[in-house]
Student: 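I have a structure here, written as structure tokens, and I will follow up with some questions on it.
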Number of protein chains: 2
Amino acid sequence: MVTYLRRMDDDRVFKALADPTRRFLLDLLFARDGRTLSELESAVEMTRYGVMKHLRVLEDAGLVVTRRSGREKFHFLNPVPIREVHDRWIDKYTERQVTALMNLKKELESDHDQH
Amino acid sequence: MVTYLRRMDDDRVFKALADPTRRFLLDLLFARDGRTLSELESAVEMTRYGVMKHLRVLEDAGLVVTRRSGREKFHFLNPVPIREVHDRWIDKYTERQVTALMNLKKELESDHDQH
DNA sequence: AAGATAGGTGACCATATGGTCACATGTCAA
DNA sequence: TTGACATGTGACCATATGGTCACCTATCTT
């Protein structure tokens, strides 16, 4: 349907990052890796089930990887997807920042048309 | 409620980037600035109203700025919010040991390449 | 003035999303 | 082996989101 959606992985990563709770969970794991679900649950005002769903989304996006040991499941941060999205999507917007901004200011200030 | 949501602007930017159509619109504006709604509409398989809603979201997030001239409205890309999100959020995840991690990932995924 | 063009608004609908609960499985510790 | 602990599943609900439509205003052209 949407032919311009070429990278489903990108979409999963962007959608995973769209929720503030999930970004906060990533922040927690960034501060310290290898936390269990229970530990993460205690850091958020939300039931265990909500946290589970969020962790599932993060895991599907590849942003979090897990390791099971006994009855516990440890969660680790995986920055690779963010890095990849950054490299092939965000970089191009930030690299020409200065030039684009200067052009934009010129556009807004003068009534010069671009055509 | 969510005390860890300190930056509403971040949230708006992330949510704006979460939709593939909106990312495509940004790509269009990245390729060439100053397009009208009608021009953007013709590039997407969607009615004008859907495009309007998406542009509104992008504008609220600060990712797109507009200039009205007569009956036309021109849309310009503003990379500053992406730059800010990148600087204060993505950088910390990517700068750490990403290179080593990516190498490790490649080693794990294709150990036949190694020895 | 009349018609075409560009854009805007509010209602509306289907689906996606965030979150909870009852219940269930597997694991550790005494 | 009993009970507490850690995690998992499916149903369920309220709201957010993506998208369309009828209708509307403003501007340009002839």
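Proteins get letters first, then strands, A, B, ... in listed order; numbering begins at 1 in each.
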Student: Does any donor atom in the side chain of B:Arg35 or B:His75 lie under 3.5 Å from an acceptor atom in the other side chain?
Tutor: no
Student: Whether A:Thr47 contacts C:dT20 is assessed here as follows: a side-chain N or O lying under 4.0 Å from the phosphate OP1 or OP2. Is that the case?
Tutor: yes
Student: Rounded to whole Å, please give me the gap between CZ in A:Phe14 and P in D:dT17.
Tutor: 18 Å
Student: Does B:Lys73 place a side-chain N or O at less than 4.0 Å from the phosphate oxygens OP1/OP2 of C:dG8?
Tutor: yes
Student: Show the nearest heavy-atom pair for residues A:Arg23 and B:Asp10, with the distance to one decimal.
Tutor: NH2-C, 4.4 Å
Student: Starting from P on D:dG8, measure out to CG on A:Leu40 and report it in whole angstrom.
Tutor: 12 Å
Student: Check the distance between C:dG26's P and A:Leu37's CG and give it to me in whole angstrom.
Tutor: 18 Å
Student: With DNA chain C as reference, determine whether B:Lys53 or B:Thr36 sits nearer its 5' end, using the nearest nucleotide of each.
Tutor: B:Thr36
Student: Hydrophobic clustering (ILVMFWY, side-chain heavy atoms < 4.5 Å, transitive) - are A:Leu17 and A:Phe24 grouped together?
Tutor: yes
Student: Step by step, would you call B:Arg12 with B:Glu59 a salt bridge (charged side-chain N to carboxylate O under 4.0 Å, His left out)?
Tutor: CA-CA 10 Å; B:Arg12 265 189 292 236; B:Glu59 204 172 346; over 6 Å; no
Student: Write down the distance between CE (A:Met52) and P (C:dA24), rounded to a whole number of angstrom.
Tutor: 16 Å
Student: For B:Asp11 and C:dG18, give me the distance from atom CG to atom C1', rounded to whole Å.
Tutor: 13 Å
Student: With no hydrogens and no angle check, just 3.5 Å: does a side-chain donor-acceptor pair link B:Glu41 and B:Thr47?
Tutor: no
Student: Can you check the B:Arg12 CZ to D:dA16 P distance for me, whole Å?
Tutor: 16 Å
Student: For nucleotides 23-28 of chain D, just jot down a letter per nucleotide in 5' to 3' order: B, S or -, based on protein non-hydrogen atoms under 4.0 Å.
Tutor: B---BS
Student: Quick one: A:Arg35 CZ to D:dA6 P, roughly how many Å, whole number?
Tutor: 16 Å
Student: Measure from CZ on B:Arg56 to C1' on C:dG8 and round the result to the nearest Å.
Tutor: 11 Å
Student: Under the salt bridge (Lys or Arg N to Asp or Glu O under 4.0 Å) rule, collect the residues that match up with B:Lys53, sequence neighbours excluded.
Tutor: none
Student: For C:dG7, does either OP1 or OP2 sit under 4.0 Å from a side-chain N or O belonging to B:Ser38?
Tutor: yes
Student: Would you please confirm or rule out a distance under 4.0 Å between OP1 or OP2 of C:dT17 and any side-chain N or O of A:His54?
Tutor: no
Student: Test B:Glu72 against B:Arg67 for salt bridge (charged side-chain N to carboxylate O under 4.0 Å, His left out), laying out the working first.
Tutor: CA-CA 9 Å; B:Glu72 289 180 319; B:Arg67 175 168 56 95; over 6 Å; no
